[in-house]
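Only a predicted model underlies this, so the values are computations on that prediction, with no experimental measurement involved.
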Amino acid sequence: MDMKLLHQKFCRESFNEDGVIQHFEPVYDEHFNFAYDVIDEIARNEPERRAMVWCNVAGEQRSFTFGEISEYASRAAALFKEQGICRGDRVMLVLKRHYQFWFAILGLHKLGAIAIPATHLLTAKDFLYRFKSAGVTAIVASAEDDVCQHVEGAMKDYPDIRTRFIVRGEREGWLPFDAMIEETAPMTQRMETLAIDTLLLYFTSGTTGYPKMVCHDHTYPIAHIVTAKYWHNVDPDGLHLTVSETGWAKSVWGKLYGQWFLGAGIFVYDFDRFIPADLLAKIQEYRITTFCAPPTIYRFLIKEGLENYDLSSLKYVTTAGEALNPEVFRQFEQKTGLRIHEAFGQTETTVLMGNFVGAKDEKVGSLGKASPLYDVDIVDENDQPLPPGETGEIVVRTPEGVHPIGMFQKYYDGGDPEAAKTEDVWHDGYYHTCDTAWKDEDGFFWYVGRTDDVIKSSGYRIGPFEIESVLMELPQVLECGVTGVPDPVRGTVVKATIVLAKGYTPSDELAKEIQTYVKKQTAPYKYPRVIEFVDELPKTISGKIRRVELRKSGKTQQS
């Protein structure tokens with residue numbers, strides 16, 4: 001079998017007259033396991049096929065074939081097994097962008113253990129909550145950024161971590177992963193796992209409350225064939241770059257499952273601090289062919305100066321994570337000739353809607369059309385479908401007995417049903433995303449905001465994204481977040497919290513200039529009556545704006 005076509009073994013597909021994906025049906029047996037059935041299969045047939053190119057800011061570089069990835073995954077599985085890690089054990093991975101992440105997560109897949117990717121930005125308090133909630137018994141962590149110190153701090157109140165591996169360093173009480181994996185013989189037998197076993201557990205960042213634990217089973221990777229082939233449009237002989245740290249679900253969206261289903265190479269740039277010039281230089285140097293990043297990254301790349309780099313290798317670019325401002329879309333296309341293809345999904349799902357490969361009727365600023373994986377609709381507060389043009393909540397219709405591939409199994413409760421409450425969002429045949437949008441007559445979805453971010457002012461319903469898009473057209477604005485704040489007259493007024501671009505200084509005059517511009521560009525009732533200039537926006541550890549904090553902040557300019 002041609003390994004570039006391996007994915008066809010695991011799905012049945014059909015397309016419309018333009019060649020756009022319309023139907024996707026998964027095909028797998030009860031023991032499907034991505035590490036065995038995809039990675040090892042490619043390694044058997046094309047062991048020298050390029051799987052990964054990795055480099056870091058220190059100038060180190062490694063390149064791995066599928067044969068090597070398969071072997072290291074088997075070594076990791078054997079090493080974990082020797083240390084008592086078993087099927088169903090929950091193992092946290094805090095590995096930044098280090099290539100050891102791929103060895104470890106595939107090794108856990110082979111054992112049937114549950115991988116819990118996490119960010120290195122967690123503190124001891126964060127680790128303690130996650131350890132207790134998920135029942136973590138082992139951890140593989142990076143030596144940098146005081147991660148191990150924070151883990152040890154959490155362990156003072158959580159004694160159940162039995163095994164600790166350290167990567168890229170040494171520390172008393174921690175097993176040296178890098179040295180031990182080189183000394184461990186690969187595991188040769190296939191371990192018993194089931195497709196319905198839990199594969200991954202992710203903590204959602206949320207805007208309020210404690211993070212919930214999202215569980216995905218072993219079929220989840222199959223759904224990412226759509227992600228990689230029909231959204232990212234990866235070239236099996238090219239090199240794909242998704243900008244994401246391994247602690248987030250976006251990383252397995254763009255750096256693992258779908259890409260390797262297609263036999264494509266992934267590029268991993270191991271950095272801590274994002275420097276636009278460095279990223280552009282890497283795209284130029286390594287001849288990246290497909291690229292995915294959040295809109296914020298695109299904004300910084302545009303301001304850095306795309307024209308100063310040779311980006312001719314890029315053939316296709318995509319974005320997700322937050323809605324894409326039309327101004328960013330226009331500027332990137334003008335400077336590169338490439339359209340940015342937007343999509344929308346959640347940690348609980350894969351791509352729910354997107355601008356898929358081959359579509360000839362894309363609309364700038366739209367999230368695209370519903371994925372063939374899901375029955376997506378817009379409903380009111382009573383779960384009644386809304387007609388085109390009306391704003392409501394994005395839901396996935398899931399009749400009784402139907403569990404779409406790619407959808408999470410449940411929120412893990414850690415033995416405390418009150419901590420999960422899956423039924424709060426998934427009930428009566430609908431999964432509720434808590435995101436709002438509207439759908440036009442042609443079936444395109446247009447993002448509005450979170451259900452708790454919609455601003456109601458003087459009887460109007462105002463979506464923050466529309467105002468943010470207008471603000472981002474101004475050269476003075478680097479980043480912004482729009483929220484509603486209490487007002488004694490109007491109940492709520494629109495507030496814009498703004499990070500200025502280099503060379504601009506906060507002033508009352510600048511605030512009025514910005515307000516005037518918004519008044520002219522959109523309906524007057526939508527302009528921000530309150531403006532606050534800040535040095536940076538408060539964000540969740542996954543990089544999303546914490547609007548709840550913006551609503552609480554104080555220094556303002558109002559008119």
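Between T433 and L352 the shortest side-chain heavy-atom distance falls below 4.5 Å. The shortest side-chain heavy-atom distance between M407 and Y374 falls under the 4.5 Å cut-off. Looking at heavy atoms from C-beta onward, L93 lies out of side-chain contact with I116 at the 4.5 angstrom threshold. Between P117 and L200, the closest side-chain pair of non-hydrogen atoms falls below 4.5 Å. With contacts defined as side-chain heavy-atom distances shorter than 4.5 Å, the pair D435/E393 does not qualify. A heavy-atom distance below 4.5 Å is found between the side chains of E41 and N45. Taking the side chain as every heavy atom from C-beta outward, I266 and L256 never approach each other to under 4.5 Å. Between Q521 and V518 the shortest side-chain heavy-atom distance does not fall below 4.5 Å.
The structure places CD of Q346 at 15.0 Å from OH of Y202, a figure rounded to the nearest 0.5 Å. Taking CD from E479 and CG from L471, the interatomic distance works out to 12.5 Å, rounded to the nearest 0.5 Å. The distance from the CG atom of L6 to the CH2 atom of W260 is 14.0 Å, given to the nearest 0.5 Å. Taken to the nearest 0.5 Å, the NZ atom of K255 stands 6.0 Å off from the CG atom of L241. One distance of note links CD1 of I467 with CE of M472; it measures 14.5 Å at 0.5 Å rounding. Between the NZ atom of K315 and the CG atom of N233 there is a distance of 12.0 Å, given to the nearest 0.5 Å.
Applying the salt bridge (Lys or Arg N to Asp or Glu O under 4.0 Å) criterion to R50, with sequence neighbours excluded, gives no partner residue. For A195, the side-chain contact (heavy atoms from CB on, under 4.5 Å) criterion is met by Y28, F32, T219, not counting sequence neighbours. Residues passing the side chain to side chain donor-acceptor pair (under 3.5 Å) test with E60, sequence neighbours excluded: N56, R168. For T119, the side chain to side chain donor-acceptor pair (under 3.5 Å) criterion is met by E245, not counting sequence neighbours. The side chain to side chain donor-acceptor pair (under 3.5 Å) check on K526 picks up E466, with sequence neighbours excluded. Partners of K9 according to the salt bridge (Lys or Arg N to Asp or Glu O under 4.0 Å) rule, which considers only residues two or more places apart in sequence or in another chain, do not exist here. With sequence neighbours left out, the salt bridge (Lys or Arg N to Asp or Glu O under 4.0 Å) criterion links E473 to R330. Under the rule for a side chain to side chain donor-acceptor pair (under 3.5 Å), the partners of E25 that lie at least two apart in sequence or sit in another chain are R12. Here E46 pairs with R49 under the salt bridge (Lys or Arg N to Asp or Glu O under 4.0 Å) rule; sequence neighbours left out.
Looking at S70, its side chain never comes within 3.5 Å of a backbone N or O of F66 through a donor-acceptor pair. No side-chain donor-acceptor contact under 3.5 Å links E13 to the backbone of Q8. A donor-acceptor contact shorter than 3.5 Å links the side chain of T246 to the backbone of K96. No side-chain donor-acceptor contact under 3.5 Å links T349 to the backbone of G345. Formation of a donor-acceptor pair under 3.5 Å by the D197 side chain with backbone atoms of T193 is not found in this model. Using a distance-only test at 3.5 Å, with no hydrogens or angles considered, no donor-acceptor pair links the side chain of T391 to the main chain of W438. Without hydrogens or angle criteria, W102 side chain to Y72 main chain gives no donor-acceptor distance under 3.5 Å.
Salt bridge annotation for K363-D442: present, with a cationic side-chain nitrogen under 4.0 angstrom from a carboxylate oxygen. The existence of a salt bridge linking D375 and R397 is confirmed by a sub-4.0 Å separation between a basic side-chain nitrogen and an acidic carboxylate oxygen. A salt bridge does not link D40 to R190: none of the charged nitrogens lies less than 4.0 Å from a carboxylate oxygen. K410 has no carboxylate O lying under 4.0 Å from a charged side-chain N of D217, or vice versa, which leaves the two without a salt bridge. The pair K360-E17 does not meet the salt-bridge criterion, since no charged nitrogen lies less than 4.0 angstrom from a carboxylate oxygen.
A pairwise comparison of heavy atoms in F329 and I340 identifies CE1-O, 3.1 Å as the closest pair. Residues A249 and T347 come closest through the heavy atom pair CB-CG2, 4.1 Å. A pairwise comparison of heavy atoms in D361 and F444 identifies O-CZ, 2.9 Å as the closest pair.
Taking the centre of each ring, F344 and F445 stay at or above the 6.0 Å mark. In this structure, F267 has its ring center closer than 6.0 angstrom to the ring center of Y286. Aromatic pair H427/H432: ring centres closer than 6.0 Å.
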Acceptor/donor pairs from residues 287-304 side chains to any protein atom, 3.5 angstrom cut, sequence neighbours excluded:
from	atom 1	to	atom 2	distance (Å)
R287	NH1	D310	OD2	3.3
R287	NH2	S312	OG	3.1
T289	OG1	L239	N	2.9
T289	OG1	L239	O	3.0
T290	OG1	H240	ND1	2.7
T296	OG1	R299	NH2	2.9
T296	OG1	E322	OE2	2.8
Y298	OH	T318	N	3.4
Y298	OH	T318	O	2.8
R299	NH1	N325	OD1	3.0

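Under the ring-ring contact (aromatic ring centres under 6.0 Å, His included) test applied with H341, the options Y316, W231, Y230 reduce to a single match, Y316.
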Checklist entry - Where do H216 and Q409 land on the side-chain hydrogen bond (donor to acceptor under 3.5 Å, both in side chains) test, with the steps shown first? => result CA-CA 6 Å; H216 282 287; Q409 295 170 298; over 6 Å; no
Checklist entry - Given the rule in the side chain to side chain contact (heavy atoms under 4.5 Å, CB included) test, do K110 and L106 qualify, once you have shown the distances and angles that lead to the verdict? => result CA-CA 6 Å; K110 288 192 167 190; L106 293 173; 5.8 Å; no
Checklist entry - Stepwise, does the side chain to side chain contact (heavy atoms under 4.5 Å, CB included) test hold for F24 with I222? => result CA-CA 10 Å; F24 184 97; I222 299 174; 4.2 Å; yes
Next on the checklist: side-chain hydrogen bond (donor to acceptor under 3.5 Å, both in side chains) for H98 and D270? Distances and angles first, verdict last.
Outcome noted: CA-CA 6 Å; H98 302 332; D270 196 345; 2.6 Å; yes
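Within the structure, salt bridge (charged side-chain N to carboxylate O under 4.0 Å, His left out) contacts touching residues 333-351 (residues at least two apart or in different chains) are E307-K335, E333-R339, R339-E362. For the ring-ring contact (aromatic ring centres under 6.0 Å, His included) condition, the pairs that include at least one residue of residues 379-409, sequence neighbours left out, are H403-W426, F408-Y411, F408-W426, F408-Y431.
Shown here is I275, whose CD1 atom has more than 12 heavy atoms of other residues, nucleotides or ligands within 6.0 Å.
Ring pair Y257/H224 is parallel by interplanar angle, where below 30° counts as parallel and above 60° as perpendicular.
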